[in-house]
Number of protein chains: 2
Amino acid sequence: MKSVPHVPICDECIIKGHSIFKDLTTDQLDSVHYGKGSSLYKRGNIVYHEGHRINGFYCVQDGIVKIYKTGIDGKEQIIRFAKPGDIIGFRSVLSKELACTTAKVIEDSVLCFIPSENLFQLVKENPAFSMQLMQLTCRELGEANNFITDIAQKTVRERLAEILLILMDTFGLDSDKVLKISLTREEMANMVGTATESVIRLLSEFKLDGLIDLHGRKISLLDIPGLRKIANM
Amino acid sequence: MKSVPHVPICDECIIKGHSIFKDLTTDQLDSVHYGKGSSLYKRGNIVYHEGHRINGFYCVQDGIVKIYKTGIDGKEQIIRFAKPGDIIGFRSVLSKELACTTAKVIEDSVLCFIPSENLFQLVKENPAFSMQLMQLTCRELGEANNFITDIAQKTVRERLAEILLILMDTFGLDSDKVLKISLTREEMANMVGTATESVIRLLSEFKLDGLIDLHGRKISLLDIPGLRKIANM
DNA sequence: CGCTAATTTGAGTGACTTCAAGCACAGTGG
DNA sequence: CCACTGTGCTTGAAGTCACTCAAATTAGCG
């Protein structure tokens, strides 16, 4: 990572409008802005490491960050992806625990770092901000519970179809119905909780059934209702 | 459920000391106390239903409540158990979503119901309380992430051993090393995310290996290090 | 410098194995 | 007596292993 020539101004940040920061006063937004640092992270950079202490959280200004846990013999379990406007690392800051996940950049990113004290100060003086933060964690918790149920009850095939649809909802499709996020088959396997080979096999099956089309990492979702049916949603 | 003859007084509630309520002023505790209702719930009673709106949350005064989601063809996925001092339903209240889980009493319980407005009021006027609540949800989120990784990567055998240890940590053992919570094999299966038969078979295996002892629903944990080894912890 | 050669990384396949689900049925005990 | 526990047997989904092939990176070198 390296520092960014032009530090993005929170006040002007597109992120402001629809994020947890939307209830901050101009003064509070300024305090975030002046307290923060911004850095450019290249693909592959680690933002923070599982088990390490972090003394602040990050706001994704640009790029995509993969949040994952490392399980048995180093196998990754991807928890979520953070895209512009999302914040990462706040869970560990708030609960005052060590980071329980690793954050790795998968598309060159600009991240703003906001120190813990700043966060705690805002919670103290702005109840609306606290509510936003709480709602965010509660929504994430709800999603985590859904995922637990899926992973425990659905087949790999169902989960893979579901993940494709979730990726579509999160990152969208471009003109040719191609998913706007590029993942390796291994990463997809680490989301679904299966082996890389199984993902490869199932994706070709989906292609054979006319549900999707494959060109390397480009995956086009051709038959969304069909995928939804397989995913049991 | 039926109303309790003697409404437990928050001020005197043992729960107060170690719960999210510990930072409330006497006035605030009073407001919770006078705004709340208490009811006795018998085993099998449903406290709230997945998909329904709930206009408040519950504090478990006594008993055990099972929190679960209903997945494909009605199969339960147990998310957690709530014991005295725990609060349930707050996730949906805070995120202003419909309940994403069902809460069912598995040991006769006394639950205090605290209306949403009351909760929002406290968040507004007591930042320390907000912090407690946030830390609670963040810790739960961390646990959920752990569970996702486990269920995605560990075998049923490993998960079952782990669940036994988690139940020990949560509910403790009595004099004879017997787990202080009584679950059906099906409920254990619904925690682990497996079939009832698999739980039965694995429990007998564990017994054969001298790790546990079985007397109906009474499960004694004989060799905790052994279980920990199997669970990969 | 430019242009192969060498290495790495990811996608894809086939053969084989194994874990665990599902079904059917037999006890059993509150 | 019905819900729960327990057992045997079968089958299938998915994991593992062992490769090939293609593309992308890096290194080597005249």
Side-chain angles (χ1 to χ4, degrees), chain A residues 42-44 66 71-78 104 106 150-164 179 181-208 212-220 230-232, chain B residues 42-44 66 71-77 104 106-108 150-163 179 181-208 212-220 230-232:
Chain A
K42 303 290 283 178
R43 175 176 168 78
K66 168 171 82 171
I72 331 295
D73 45 62
K75 191 171 158 61
E76 290 180 7
Q77 175 61 41
I78 297 181
K104 189 178 204 171
I106 63 163
D150 282 348
I151 218 166
Q153 298 195 1
K154 289 186 178 176
T155 62
V156 172
R157 184 190 180 76
E158 292 171 314
R159 264 140 58 201
L160 181 61
E162 184 171 6
I163 289 289
L164 289 175
L179 268 181
I181 183 176
S182 164
L183 298 173
T184 65
R185 306 289 137 117
E186 190 182 6
E187 280 171 329
M188 304 199 67
N190 291 343
M191 292 188 75
V192 173
T194 186
T196 310
E197 295 94 322
S198 299
V199 167
I200 291 171
R201 274 185 253 269
L202 287 168
L203 283 179
S204 353
E205 266 188 54
F206 286 172
K207 182 179 176 180
L208 229 77
I212 63 173
D213 207 359
L214 296 171
H215 289 98
R217 291 205 194 158
K218 288 190 188 303
I219 301 177
S220 4
I230 291 182
N232 246 318
Chain B
K42 302 291 283 181
R43 175 177 168 78
K66 168 172 79 171
I72 330 295
D73 46 64
K75 191 170 158 62
E76 289 179 10
Q77 175 61 42
K104 189 178 202 170
I106 64 162
E107 273 186 23
D108 295 1
D150 282 347
I151 217 166
Q153 300 195 359
K154 289 185 179 178
T155 63
V156 172
R157 185 188 179 77
E158 292 170 314
R159 264 140 60 200
L160 182 61
E162 184 172 5
I163 289 288
L179 268 181
I181 182 174
S182 165
L183 298 173
T184 65
R185 305 291 193 247
E186 189 182 4
E187 281 170 329
M188 304 198 68
N190 292 342
M191 292 188 74
V192 174
T194 187
T196 311
E197 295 95 319
S198 299
V199 168
I200 291 171
R201 271 185 259 271
L202 286 168
L203 284 179
S204 347
E205 267 188 53
F206 287 171
K207 181 178 174 180
L208 228 77
I212 63 171
D213 207 359
L214 296 171
H215 289 99
R217 295 207 190 153
K218 288 189 189 304
I219 301 177
S220 4
I230 291 183
N232 246 315

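Every chain is numbered from 1 and lettered A, B, ... according to where its sequence line falls, protein lines coming before strand lines.
- For the segment residues 181-188 of chain B, the set of residues with a heavy atom within less than 4.0 Å of an atom of DNA chain D comprises B/Thr184, B/Arg185, in numerical order.
- The residue B/Thr196 sits apart from the nucleic acid: no heavy atom pair falls under 4.0 Å.
- Proximity of a side-chain donor or acceptor of B/Arg159 to a complementary backbone N or O of B/Val192 within less than 3.5 Å is detected.
- Under the rule for a side chain to side chain donor-acceptor pair (under 3.5 Å), the partners of A/Glu162 that lie at least two apart in sequence or sit in another chain are A/Lys154.
- The overall bend of the helix from C/dC1-D/dG30 to C/dG30-D/dC1, read as the angle between its terminal helix axes built from five base pairs each, is 50° when rounded to 10 degrees.
- Annotation: salt bridge (Lys or Arg N to Asp or Glu O under 4.0 Å) contacts of B/Glu186 (sequence neighbours excluded): none.
- Qualifying salt bridge (Lys or Arg N to Asp or Glu O under 4.0 Å) partners for B/Glu187, counting only residues two or more places apart in sequence or in other chains: B/Lys66.
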Could you list all N or O pairs between the protein and nucleotides 15-17 of chain C that sit under 3.5 Å apart?
none

Side-chain atoms of residues 195-206 of chain A: list all donor-acceptor pairs with protein atoms under 3.5 Å, sequence neighbours left out, distances to 0.1 Å.
| from | atom 1 | to | atom 2 | distance (Å) |
| --- | --- | --- | --- | --- |
| A/Ser204 | OG | A/Ile200 | O | 2.6 |
| A/Ser204 | OG | A/Arg201 | O | 3.4 |
| A/Glu205 | OE1 | A/Arg157 | NH1 | 2.6 |

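- Residues passing the side chain to side chain donor-acceptor pair (under 3.5 Å) test with B/Thr155 are B/Glu158, sequence neighbours excluded.
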Protein-nucleic acid N or O pairs under 3.5 Å, nucleotides 28-30 of chain C:
none

Nucleotides 18-23 of chain D: protein proximity per nucleotide (B base, S sugar-phosphate only, - neither; heavy atom, under 4.0 Å):
------

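- The main-chain N or O of A/Lys75 is found under 3.5 Å from a side-chain atom of B/Gln153 such that the two form a donor-acceptor pair.
- Listed by chain and number, the residues in a salt bridge (Lys or Arg N to Asp or Glu O under 4.0 Å) with A/Asp213 amount to none (sequence neighbours excluded).
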